[in-house]
Amino acid sequence: MSGDRLTIRPMTLAELELALDWGAAEGWNTGIHDAGAFYAADPGGFLIGEIDGEPISTISAVRYGETFGFIGFYIVKPDRRGQGFGLQTWNEALRLLGDRNFALDGVLAQVENYRKFGFQPAYSHIRYQGTGIAATPPDNIVTLKDIPFADIFHYDNQHFPAPRPAFLQEWVNSPARAGYAYIKDGNLCGYGIIRESRTGLRIGPLFADDAQIAESLFQCLSSLGDGKPIFLDTPDANHQAISLAESYGMKPVFECVRMYTRGIPNINISHIFGTTTLELG
């Protein structure tokens with residue numbers, strides 16, 4: 001244990017940009033314009049560890065209401081690893097989340113370590129990479145910004161473990177992201193969003209009532225790629241999501257394990273074709 005004293009405090013929005021840069025250095029392919037939406041989810045849920053004013057560790061412990069939370073951005077600067085600072089930062093995140101059911105997406109090498117803290121594997125997220133295709137939206141697909149936010153919020157709440165209105169407002173309405181919605185008989189039956197990342201573009205979320213709707217949304221979203229790489233994080237518990245990615249020639253490039261402390265939330269995994277973001281759930 002190092003004799004240096006670590007101070008852990010909430011990040012500012014500018015410091016969250018630093019955490020995104022650190023994540024990019026770890027190969028996470030973070031979104032270029034994600035910080036504002038992430039911070040809106042829980043401004044007090046992003047922590048930074050400092051020694052003599054120098055940032056050396058980060059972690060997020062985002063609280064979605066009183067029942068659910070998510071851990072991400074768990075990073076210690078390479079030259080400060082193995083000195084106990086990571087565990088101090090981690091414990092502060094656990095304290096912040098309290099007795100909620102909370103989750104993370106852990107790399108395969110760390111799964112057993114997370115088990116020691118009560119996390120249990122639920123399924124894997126597999127990141128697929130491909131290229132966009134040319135597609136013209138059919139009549140029942142509309143721009144997501146044309147849908148009343150109340151409808152999007154209601155649909156999203158069926159596919160995420162807890163309400164996330166502040167995050168969703170930023171995620172949907174930012175000009176840095178584009179989205180489509182699928183309307184059937186006047187009802188919202190699926191939606192998806194695409195955004196620019198450090199490499200290419202990432203789709204997330206991609207929620208849909210069935211595989212045909214998911215495919216239509218995927219086609220429209222990926223058509224915005226303009227030849228750049230497209231990434232989709234699919235839960236392997238939804239076999240149709242895997243089939244969708246592979247049917248368009250996408251290849252797996254990364255895998256992590258979704259883990260929960262109090263069991264899998266009551267959401268329909270068969271409707272989740274792409275998770276929103278591995279950093280925040």
Side-chain angles (χ1 to χ4, degrees), residues 31 34 37 125-165 167-197 200-226 228 230-250 265-278 280-281:
D34 286 355
H125 276 126
I126 301 175
R127 175 166 294 171
Y128 278 89
Q129 176 180 344
T131 54
I133 62 170
T136 301
D139 291 340
N140 49 357
I141 287 187
V142 300
T143 301
L144 188 60
K145 291 181 175 64
D146 293 335
I147 303 297
F149 179 75
D151 294 348
I152 300 171
F153 174 72
H154 176 73
Y155 192 80
D156 186 82
N157 206 27
Q158 300 173 47
H159 301 89
F160 193 76
R164 48 178 180 174
F167 167 83
L168 202 60
Q169 281 276 12
E170 291 286 337
W171 204 247
V172 169
N173 293 317
S174 168
R177 283 172 282 277
Y180 288 105
Y182 191 102
I183 305 298
K184 182 177 181 181
D185 299 327
N187 297 313
L188 179 61
C189 298
Y191 87 92
I193 290 176
I194 191 167
R195 71 194 194 280
E196 189 177 2
S197 59
L201 298 99
R202 288 172 62 178
I203 294 175
L206 179 55
F207 298 156
D209 286 1
D210 59 44
Q212 182 270 319
I213 293 172
E215 182 173 12
S216 294
L217 288 166
F218 173 82
Q219 289 175 345
C220 293
L221 292 166
S222 68
S223 72
L224 303 176
D226 194 27
K228 298 177 182 178
I230 301 290
F231 298 90
L232 179 68
D233 297 324
T234 60
D236 68 352
N238 182 354
H239 302 300
Q240 290 183 315
I242 299 297
S243 296
L244 171 62
E246 293 181 348
S247 70
Y248 283 88
M250 302 184 83
N266 184 24
I267 54 177
N268 191 342
I269 197 72
S270 68
H271 289 182
I272 301 175
F273 290 82
T275 195
T276 305
T277 170
L278 299 182
L280 248 69

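The residues of the chain are indexed from 1 along the displayed sequence.
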Next item on the list: With side chain to side chain donor-acceptor pair (under 3.5 Å) as the test, would you mind laying out the steps for T276 and R164 before giving the verdict?
Entry: CA-CA 12 Å; T276 305; R164 48 178 180 174; 2.9 Å; yes
Least distance between heavy atoms, [X] atom then [Y] atom:
X	Y	result
R195	G204	NH1-O, 4.4 Å
P138	C220	CD-SG, 4.1 Å
I194	L221	CD1-O, 3.4 Å
A178	L224	CB-CD1, 3.8 Å
I272	P235	O-CG, 3.3 Å
P161	I267	N-CG2, 4.2 Å

- Taking atom types as modelled, is there a side-chain donor on D209 or Y182 under 3.5 Å from an acceptor on the other?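 D209 vs Y182: no donor-acceptor pair found between side chains.
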Is it true that the side chains of S216 and Q212 contain a donor and an acceptor less than 3.5 Å apart? yes
Value rounded to 0.5 Å, distance of [atom1] in [X] from [atom2] in [Y]:
X	Y	atom1	atom2	result
W171	I152	CH2	CD1	14.0 Å
R177	L144	CZ	CG	11.5 Å
F273	D233	CZ	CG	15.0 Å
T275	I269	OG1	CD1	8.0 Å
E196	D34	CD	CG	10.5 Å
S243	E215	OG	CD	10.5 Å

- Task: Let me see the working for Q219 and I133 under side-chain contact (heavy atoms from CB on, under 4.5 Å), right down to the final yes or no.
- Result: CA-CA 7 Å; Q219 289 175 345; I133 62 170; 3.7 Å; yes
Q) Would a 4.5 Å heavy-atom cut-off, applied to side chains only, mark L278 and R127 as touching? A) yes
Identified side-chain contact (heavy atoms from CB on, under 4.5 Å) partner of I183 from the options I141, I147, D146: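 Of all the options given, the one that passes is I147.
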*asked:* As a quick check of understanding, evaluate side-chain contact (heavy atoms from CB on, under 4.5 Å) for L206 and L244, giving each step before the final call.
replied: CA-CA 12 Å; L206 179 55; L244 171 62; 4.3 Å; yes
**Study point:** N/O donor-acceptor pair under 3.5 Å between T143 side chain and K145 backbone
**Key:** no
inquiry  = Parallel, tilted or perpendicular: which one describes the rings of F207 and Y191, with boundaries at 30° and 60°?
reply    =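 The rings of F207 and Y191 stand perpendicular, inter-plane angle above 60°.
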### Query
Should Y128 and E246 be marked as a side-chain contact (heavy atoms from CB on, under 4.5 Å) after you check the CA-CA gap, both sets of side-chain angles, and the distance that decides it?
CA-CA 8 Å; Y128 278 89; E246 293 181 348; 2.9 Å; yes
